[in-house]
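Each chain gets a letter, A, B and so on, in the order the sequences are listed, and its residues count up from 1. Remember, it's a predicted structure, so these values are computed and weren't measured experimentally.
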There are 2 protein chains.
Amino acid sequence: MPMTRRPTSRDVAQAAGVSQSTVSLVLGGKWPGRVSPATARTVRRAAERLGYRPNLAARNLRLGTTRTVLLVVPTPSSTFFGSVYTGAAEVAARHGFGVVVYPWPDDTGPGDASAQGGPFASPREAIDGVLASSLAVEVLKEFRDTPAVMLDNDPAGATPTVAFAVADGMRALAAHLGALGHRRFGHVAAAVDQWTFHERGGALAAAVAALPGGGLVRATSAIDVAAAKEAAGRLLDRPDRPTVLVCDDDLMAAGAYKAARARGLEIPRDLSVTGFDDDVLATALEPELTTVRLPARRLGAEGMTALLELLDGRTPEPRSLPAELVVRASTAPPRR
Amino acid sequence: MPMTRRPTSRDVAQAAGVSQSTVSLVLGGKWPGRVSPATARTVRRAAERLGYRPNLAARNLRLGTTRTVLLVVPTPSSTFFGSVYTGAAEVAARHGFGVVVYPWPDDTGPGDASAQGGPFASPREAIDGVLASSLAVEVLKEFRDTPAVMLDNDPAGATPTVAFAVADGMRALAAHLGALGHRRFGHVAAAVDQWTFHERGGALAAAVAALPGGGLVRATSAIDVAAAKEAAGRLLDRPDRPTVLVCDDDLMAAGAYKAARARGLEIPRDLSVTGFDDDVLATALEPELTTVRLPARRLGAEGMTALLELLDGRTPEPRSLPAELVVRASTAPPRR
DNA sequence: CTGAAAGCGCTTACAG
DNA sequence: CTGAAAGCGCTTACAG
């Protein structure tokens with residue numbers, strides 16, 4: 001056996017003086033009662049000595065399953081998706097599945113030359129299912145006829161979905177602000193064509209319209225500190241300056257903070273600001289940010305549970321996860 | 001052909017009235033000159049109609065290669081690793097390779113119950129190589145005898161490595177602070193047993209020792225805003241309070257900001273603070289953070305280049321990437 | 001308790 | 001221009 005070739009189960013069999021099927025039985029843990037303990041030991045020793053590792057492509061082909069799932073996330077990954085992964089991987093591990101992440105280039109983040117050219121080479125990997133997070137439905141075209149679950153997307157679509165109740169969260173936020181006395185709202189909206197942002201915008205508009213004397217102005221920007229600062233600045237420079245800036249993302253709220261400071265406005269005395277997500281950034285900022293917490297880890301966990309049901313031939317129930325208002329120090333009654 | 005089974009190239013062949021090998025030739029793009037255009041068209045139509053997609057496990061087994069690489073990153077993923085991925089994926093795509101991410105649970109981030117149990121189920125996927133980012137060498141045990149390149153790790157190790165010149169960066173930072181007049185340094189150090197942090201600590205200690213009258217105190221913490229705030233607080237409460245807090249990470253610098261504010265210290269007037277990485281956070285903070293920029297995207301790109309050389313049978317040169325000082329508004333001369 | 005054999009679905013020489 | 005066949009390295013009935 002030349003050194004250059006990676007050892008196969010056949011090599012191990014030869015070294016141990018048994019048949020290749022015995023090797024497979026032993027290393028697959030299916031030997032008790034079928035192979036003598038002595039033989040099993042010999043086989044394991046030989047495998048160890050040769051540094052044998054099974055060829056996964058062969059196993060996958062034979063079994064017709066890989067027990068691994070692809071988690072597709074937007075490329076400019078935030079800590080949010082780390083949590084989504086953790087939740088998904090925990091559930092998967094309990095069922096003997098692995099999870100691998102495939103970043104999908106999107107135009108959500110700061111302008112990125114590479115992101116223009118569409119997706120990178122897709123993985124040449126055999127996978128059993130796809131979990132597509134916070135992305136356009138077109139992702140699924142890439143993995144068509146692979147069982148898939150969408151995360152944080154329109155539950156009304158054809159694909160099983162686990163969504164956040166973002167509209168609820170936005171309504172709770174608007175109620176909080178309304179109770180503080182705010183009437184002139186500014187919406188620093190993400191310029192991203194995704195269900196979750198449409199939901200947020202719609203819910204905010206409806207809530208403000210329902211408020212006696214309520215008014216809403218909007219500026220859109222990329223999910224990016226500098227762009228959000230710019231957009232927030234446009235709102236703050238209006239003659240009828242809003243008393244609160246509702247931002248579609250914690251990162252955008254950081255931009256709003258900077259726009260306010262640049263104009264000598266103190267938060268929350270002169271201006272209230274809110275975010276969305278409850279990222280680490282929310283408590284890194286000063287004052288700490290009032291925001292809507294999206295339970296990222298649960299999103300991953302519930303998404304994986306739904307996907308495993310789907311792989312099991314069942315039809316997962318649509319799931320909705322609570323979006324909870326977290327009041328911190330960036331909101332206060334408007335200055336009169 | 002029952003509806004339940006996924007179509008194979010054999011099904012396509014039957015539908016098109018040709019042999020299975022012809023199907024393979026046509027769909028693999030190797031038909032010109034070997035199959036008539038008319039037949040090729042028929043085959044493609046049949047494949048389209050049946051919704052045929054090749055079985056990747058079979059292809060991988062047959063070819064003995066998957067042309068996909070695993071990028072292993074620490075689980076509590078920051079935006080940093082998004083950039084590493086982008087760089088790696090760009091280079092990979094130019095060579096017909098795909099990249100898939102495998103988050104490795106570590107104890108770097110905030111305490112996470114799930115992270116205690118060691119790695120999640122590893123991917124059952126056949127891969128050609130591994131790019132292991134900012135992680136302990138033990139990661140490689142999991143993928144032993146798979147060609148691997150380490151990122152941001154000790155270049156003196158056995159595995160080919162692409163490292164940042166973090167010691168250079170730290171020295172530049174210390175020189176900047178020394179020139180401003182700082183002598184009493186506090187180091188808010190990451191309690192993480194990794195080469196990159198040992199380098200930072202060593203370089204800082206040496207630079208301060210070389211400064212006439214220089215003194216250094218240190219507190220360690222997890223890479224986490226709350227923990228870093230606590231550690232920074234311990235330093236600030238000392239009778240010989242440092243005039244500058246050098247933090248091992250931008251996120252930790254955010255904690256130092258909070259500790260300073262809690263004590264009524266204004267940055268940079270009463271206290272200078274520095275970070276490391278130049279994450280989005282660095283410019284989200286107020287005042288904007290003086291830090292050391294680590295070119296994450298280049299790390300991914302150079303790492304992939306090295307890995308492709310390795311897969312090609314060559315021995316990659318050790319590579320070192322510059323770590324550049326970025327002076328912003330959080331550093332100033334110490335108050336006298 | 002052990003082995004010989006089939007077969008997962010591809011790609012690619014090889015023969016015609 | 002087209003097809004029959006080998007073989008990648010496994011797992012798992014099946015026979016002994």
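Using a 4.5 Å cut-off on side-chain heavy atoms (C-beta onward), Leu71(B) and Leu151(B) make contact. Looking only at side-chain heavy atoms (C-beta outward), Thr39(A) and Val26(A) stay at 4.5 Å or farther from each other.
The neighbour count for Glu309(A) CD, taken as heavy atoms of other residues, nucleotides or ligands under 6.0 Å away, is above 12. Residue-environment remark: CD (Gln14(A)) stays at or below the threshold of 12 foreign heavy atoms within 6.0 Å.
Closest of all the heavy-atom pairs between Ala132(A) and Leu140(A) is CB-CD2, 4.3 Å.
Base pairing annotation: dC14(D) forms a Watson-Crick or G-U wobble pair with dG3(C), both donor-acceptor distances under 3.5 Å.
Base contact: Leu61(B) has a heavy atom under 4.0 Å from a base atom. Contact annotation for Arg34(A): base contact, defined as any heavy-atom pair under 4.0 Å involving a base atom. The residue Ser24(A) sits close to a base: some heavy atom pair falls under 4.0 Å.
For DNA chain C, the outermost nucleotides in 5' to 3' order that have an atom under 4.0 Å from a heavy atom of chain A are dC1(C) to dG9(C).
Sequence order on DNA chain D of the closest nucleotides to Ala58(B) and Ser21(B) puts Ser21(B) first from the 5' end. Nearer to the 5' terminus of DNA chain D, by closest-nucleotide assignment, is the contact made by Leu25(B) (compared with the other of Leu25(B) and Lys30(A)). When each of Pro37(A) and Gln20(A) is assigned the nucleotide of DNA chain C bearing its nearest heavy atom, the one mapping closer to the 5' terminus is Pro37(A).
Classified by interplanar angle (parallel below 30°, tilted 30° to 60°, perpendicular above 60°), the ring pair Trp104(B)/Phe143(B) is tilted.
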